[in-house]
2 protein chains.
Amino acid sequence: MSKPPSPEPRRTLTLRDVSEASGVSEMTVSRVLRNRGDVSETTRERVLEAARRLGYVPNKIAGALASQRVNLVAVIIPSLSNMVFPEVMTGISDTLEDTGLQPVVGVTNYSPDREESVLYEMLSWRPSGVIIAGLEHTEAAQAMLAQAGIPIVEIMDIDGNPVDSAVGISHRRAGRQMAEAIIAAGYRNIAFLGTMMPYDHRARKRLEGFEEALAKAGLVLVDREFYSGGSALLKGREMTEAVLTRSPQVDFLYYSNDMIGAGGLLYCLHKGIDVPGQIGLAGFNGVELLDGLPRKLATMDACRLEIGRVAAEIIAGKHPSGQIGGEVIELFPTLQKGDTIRG
Amino acid sequence: MSKPPSPEPRRTLTLRDVSEASGVSEMTVSRVLRNRGDVSETTRERVLEAARRLGYVPNKIAGALASQRVNLVAVIIPSLSNMVFPEVMTGISDTLEDTGLQPVVGVTNYSPDREESVLYEMLSWRPSGVIIAGLEHTEAAQAMLAQAGIPIVEIMDIDGNPVDSAVGISHRRAGRQMAEAIIAAGYRNIAFLGTMMPYDHRARKRLEGFEEALAKAGLVLVDREFYSGGSALLKGREMTEAVLTRSPQVDFLYYSNDMIGAGGLLYCLHKGIDVPGQIGLAGFNGVELLDGLPRKLATMDACRLEIGRVAAEIIAGKHPSGQIGGEVIELFPTLQKGDTIRG
DNA sequence: CTGGGCTATGTTAGCGGTAACGGCAGCGAT
DNA sequence: ATCGCTGCCGTTACCGCTAACATAGCCCAG
């Protein structure tokens, strides 16, 4: 593989190279490249031409050290492979787009220890802000966030005490609302199917809110089934089969996410079960995927895009509230009954 | 929101703070914190204790500038919201895990210009390597890659000329193979349904290979349908309906990805079409999702995890081939006939 | 023609670390 | 006693860039 005939892969270029090539001081080159300060049009062009010709790429490491400013925003999330966080990312990226800030993602795989170390790693690059999923962190992580001296936004969830700002929905309330809708529709033998991950606090809170509302109506879950890992769609089928076999009296299945709910829905339809007459179904997240299903699954959207958008606005200091930090912004998901809750 | 009662949000800590707190030189602190060089056990502990107590987080910006070493690997991909790149990311992360290297993702949304600017931005942080999707880049991007002086790995595709190394599959060959299997199964009236994105070169190459094999058998596509954006599952349904309405003679539908293929499959099953008797279906990617479908869609896995793994190994300099760079590693996807190709 | 206020550019001093080298005990071998 | 180690730690000189200030023309009011 012969590389293109570059004269010599010489050491990487610096401002000095550009300054020499264009006959001005390094400072002037720096000013041109950052569009800062006054530079005459003719020098500007001479400098730009030289930079382009040499293929100069500025060294942000040196720049950041000198200016004590870093245009990075640390974004720490549990996973990229479900449908929810990529959409949050989209909201963040879109909003950051024209602020000069850039998101840098770290993935924790729902592990608190990994979260701690990812956070440490990212903070060591001195970002201008942190967006981090959830309100539950290790003690050390909490301390780092509190001491960082930069805006912190905890996203997705507001049931707890944020370090600084928070943007999200109340999962407890979401669980409650869904339970109320289900009860109102006349279902009484309700089962829960969800993830077992010990650290998915938001799924846990939804379940808590759900059971709370059931209790208020004098009901308890008739059955529950948990899973971890694997193809969510397939797991949804399997779990549904397991529950329906074990507890034939069940008339409603509440899933902790849409993906397994979709699996359950496909299973029920395949089995010829009357949905929502005989059995009702509901999921959580409001993922786009559902639009393509034979029947629309009842769900609640989690305001993912909006969460990303608002979090980014807070970091960029352009949130309408105008506050400096320490705000808790609650968003309100809407319940979409779809075709799988009767009434 | 009162913060925890930290005595004073004082300026951020430096090595000097730790060195004063532990009564040794900054250099020694640096050595302890990096586990490098000889330090007596007692001083090491004194330093660590002080660092922990103060909550010191090293400044990698300064460190990187001084040492001319950055433990970041730039990963530049078109999207995070389909199922393919997250899995590549997983392969990369897993492999980088114990090398001290850290991936940093940039997303281009399939836009060459955005790719160029993301690349520029990332190179300005002087990463130790670049993993970038595809072989097609703007001229400027090509130049930057060639000049960067660090290992570059272009992933997913090997039908073209890599700047340095490449890891991927031949999409042209993949398209050909699928066509051959379809023809061998006796289908003759074949339609293509896929993405319209002008910059999805890999989908384009698959289609090219596909048509090439058809031609060799004296066949041409009976129909074709393109889309962009929206819920892939839903689009799959809609496109399938459109094609079947327009060209009732069609007996095979080749989709450019599994997601729209799944939508098509659900549509066909819903319409009571005999699959694979009356109509056969095939997708591409081998996503886990398919496992949960009522019938398994024929597909070809794209070796996503493996691609990520190998790319990361090359960057980390621990690929078995032992070469320094400039290698092209072709992986071979396997065709899974599933339940949607007869025979 | 002179001082003040531009504008366009250069100079100086770090930013917070680390590479490279230097120094100095302590200690066994000669 | 001398030498040469090795183990531990400090000093010095940057890394490549930018904030802050200094400087040099230049124009115009007084």
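Each chain gets a letter, A, B and so on, in the order the sequences are listed, and its residues count up from 1.
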Treat primed atoms plus P, OP1 and OP2 as sugar-phosphate and everything else as base, then score nucleotides 5-15 of chain C 5' to 3': B for base contact with protein heavy atoms under 4.0 Å, S for sugar-phosphate contact only, - for none.
---SBBB--BB
d([atom1], [X]; [atom2], [N]) in whole Å:
{"X": "B:Leu33", "N": "C:dG16", "atom1": "CG", "atom2": "P", "answer": "16 Å"}
{"X": "A:Arg34", "N": "D:dA20", "atom1": "CZ", "atom2": "P", "answer": "11 Å"}
{"X": "B:Arg16", "N": "D:dG10", "atom1": "CZ", "atom2": "C1'", "answer": "13 Å"}
{"X": "A:Ile61", "N": "D:dT18", "atom1": "CD1", "atom2": "P", "answer": "13 Å"}

Could you tell me whether B:Arg52 and B:Glu49 make a salt bridge, using a distance below 4.0 angstrom between a side-chain N and a carboxylate O?
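Judged by the 4.0 Å cut-off on N to carboxylate O distance, B:Arg52 and B:Glu49 do not form a salt bridge.
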Would you check if the side chain of A:Asn82 reaches a backbone N or O of A:Val84 as a donor-acceptor pair within less than 3.5 Å?
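Looks like yes, one N/O pair under 3.5 Å.
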Please check this pair: side chain of A:Glu154 against backbone of A:Val163, looking for a donor-acceptor N/O pair closer than 3.5 Å.
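Present.
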Below 4.0 Å: OP1/OP2 of C:dG16 and any side-chain N or O of B:Tyr56:
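Result: no.
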Taking only N and O in the side chain of B:Arg69, is any of them less than 4.0 Å away from OP1 or OP2 of C:dA19?
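Yes, within the criterion.
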Over all atoms of both residues, closest heavy-atom pair of A:Val167 and A:Ile158
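Heavy-atom minimum between the residues: C-CG2, 4.2 Å.
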Give, for atom CZ of A:Arg69 and atom CD1 of B:Ile61, the distance between the pair rounded to the nearest 0.5 Å.
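Going from the CZ atom of A:Arg69 to the CD1 atom of B:Ile61 covers 12.0 Å.
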Mind checking if A:Arg36 touches a base, just sugar-phosphate, or nothing, with heavy atoms under 4.0 Å?
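Since no nucleic acid heavy atom lies under 4.0 Å of A:Arg36, the category is nothing.
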Any non-hydrogen side-chain atom of B:Ser128 less than 4.5 Å from a side-chain atom of B:Ile150?
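Not touching, per the 4.5 Å side-chain cut-off.
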